[in-house]
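Just below is one structure, and these are the notes that go with it.
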Amino acid sequence: MIEDFDAGSDWHVAAPYDFLRRLRSERPVFRSEHLGAYVLTRYADVRAAYGDPRRFSSKGSLTISRSLTRETKEKLGEHGSFLSSFVANVDPPDHTRLRRSVSRAFTPRAVAAMEDSFRRLNEDLLDRLAPRKGADFVSEIGHEPSVKLTARFIGVPEADEAFVQAHVKDWFQLFLSPQPPDRQLELADSFLTYLDYVDRLVAARAKDPQDDFTSLMTSLIGDELTHREVVELISTILLGGNDTVPNQLGNTVLRLLRECAWPVPPELVPNAVEECMRIDGASLGSFRHALSDVTLHGVTIPAGALVLLSTDSAAHDESVFPDPERFLIDRPNAAEHMVFGYGIHFCVGAALGRLQLRTALDVLGRRLPHLRLVPGEPIAYRKSLVGRGLAALAVEW
């Protein structure tokens, strides 16, 4: 019987739902020794906490640096608090200022304009791969279009895409996934190299602005943003494009293949995307800090405690999503999941993420209608505190 979360175990990401169902029923406010945090598991409680920054603070919530050794923290120096000024990691009024700045780059018109570019990237990739009749979906199909689109949006030169992708993966592991001490030091070296790269990119755009996100944000330094804030904004959007969106696409394709729902009829693609995010979300939740004692369901969360808002559990809450373990491609309220957060911290890139997922399913379904899993290949997920993504996915067509 599972007694606690365990980010080092296979079930933690792959199949936590029996455990989460028991928590929702019996211990909706659960003290996890493994995570060092209280966990909210019911939909209503998770949503209420997202909407209550006066009691549940976002400040410092992304940096799970308590898992870093003293030696690693010393190596990182001032950068040990990386993401301390990222928009998802602060409270109002800083949050209001940062979000206003970032939103300039994510207008509906700007997002819509990226659809044609992303569609072409997927088509070009399949032009190369389709004759092969098989691939690892994760490394060869799911990532490249999103990585390239994000690089163009940010202003990363094409020659640097692989460098950025590798280093983004390293910093995600360093800050958001438990690692042994020696590996922490390797990842810290990689992270410092990456930060230096983003610093140089910002400096280059300050001297020679281009039509990209980095130039737009750099133009606001001094008036609305600090240099560090710009570096962290760039870094985190690169994470979304290099990791989170491709992870969600892999989870989505696996689900659709297992459910014999491939290819998805075009008119059902938008809702299929939402149902796949609900049932197999790439984000498992967000951390907060309690600013005062909070009593919920007879349990008092003490001021200063770390709290995990389990959007993964919330998306399987029977009171909101009937028969939650069942995949319903036309589930009427599928989009009420909180994979993108909720309230003031609703992900600023959500519209772009959704567009990418819809476009990828449309192109892949049309170009690879006979896509299927390679029989007998094991399905393995990356280990993580807060993310769900496949290590590999062997497919053929």
Side-chain angles (χ1 to χ4, degrees), residues 111-154 156-166 168-169 238 240-277 280 282 329 349 351-377 379-380 382 388-397:
V111 170
M114 284 187 255
E115 181 174 358
D116 285 344
S117 178
F118 190 64
R119 188 173 295 274
R120 278 196 307 275
L121 288 167
N122 277 277
E123 297 278 10
D124 291 348
L125 173 67
L126 292 174
D127 286 344
R128 298 196 310 271
L129 282 183
R132 280 177 33 185
K133 300 298 183 185
D136 171 12
F137 187 90
V138 172
S139 64
E140 297 181 282
I141 300 177
H143 277 73
E144 182 184 302
S146 186
V147 167
K148 286 186 172 294
L149 183 78
T150 308
R152 291 179 185 180
F153 174 72
I154 293 293
V156 171
E158 189 170 2
D160 296 343
E161 286 171 7
F163 169 90
V164 168
Q165 186 181 6
V168 164
K169 194 169 288 187
L238 283 171
N242 281 270
D243 205 78
T244 311
V245 172
N247 284 344
Q248 186 62 63
L249 181 59
N251 297 347
T252 296
V253 168
L254 174 60
R255 171 61 62 173
L256 293 168
L257 293 177
R258 281 177 160 172
E259 300 285 347
C260 300
W262 186 271
V264 180
E267 67 276 12
L268 290 180
V269 163
N271 208 71
V273 164
E274 301 301 334
E275 177 69 344
C276 289
M277 281 194 279
D280 296 307
I329 200 165
L352 180 58
R354 284 182 157 126
L355 180 145
Q356 288 178 254
L357 293 165
R358 292 196 302 264
T359 303
L361 286 195
D362 183 47
V363 175
L364 289 166
R366 180 170 44 79
R367 294 289 301 270
L368 303 176
H370 303 297
L371 188 71
R372 59 190 177 271
L373 298 173
V374 175
E377 288 290 325
I379 305 296
R382 286 165 37 188
R388 173 178 288 112
L390 292 157
L393 186 67
V395 294
E396 56 190 17
W397 53 86

Requested in this report: Find the distance between CG (Leu352) and OG (Ser146) and round it off to the nearest 0.5 Å.
Outcome: 7.5 Å
Report task. State whether the side chain of Glu396 and the backbone N or O of His370 hold a donor-acceptor pair below 3.5 Å, judged by distance alone. Result -> no
Query raised in the report: Below 4.0 angstrom, N of the basic side chain to O of the carboxylate: do Asp124 and Lys148 qualify?
Result: no
Report summary line: Taken to the nearest 0.5 Å, the spacing of Trp397 CH2 from Leu129 CG works out to 5.5 Å
Report summary line: With sequence neighbours left out, the residues meeting side chain to side chain donor-acceptor pair (under 3.5 Å) with Asp127 are Arg367
Query raised in the report: So how far is it from Leu357 CG to Leu249 CG, rounded to the nearest 0.5 Å?
Result: 6.0 Å
**Report entry** SB check Arg255 Glu259 (cutoff 4.0 Å)
**Finding:** yes
Query - Carboxylate-amine/guanidinium proximity below 4.0 Å for Glu123 and Arg366 - result: yes
Report summary line: Residues passing the side chain to side chain contact (heavy atoms under 4.5 Å, CB included) test with Leu257, sequence neighbours excluded, are Val253, Trp262, Leu371, Leu373, Val395
Report task. Apply side chain to side chain contact (heavy atoms under 4.5 Å, CB included) to Met277 and Arg354, showing your working. Result -> CA-CA 10 Å; Met277 281 194 279; Arg354 284 182 157 126; 4.0 Å; yes
Query - Side chain proximity check, Val245 to Thr150, heavy atoms < 4.5 angstrom - result: no
Report task. Decide yes or no for Arg119 and Val363: does some side-chain heavy atom of the first lie under 4.5 Å from some side-chain heavy atom of the second? Result -> yes
Query - More than 12 heavy atoms from other groups under 6.0 Å of CD on Glu158 - result: no
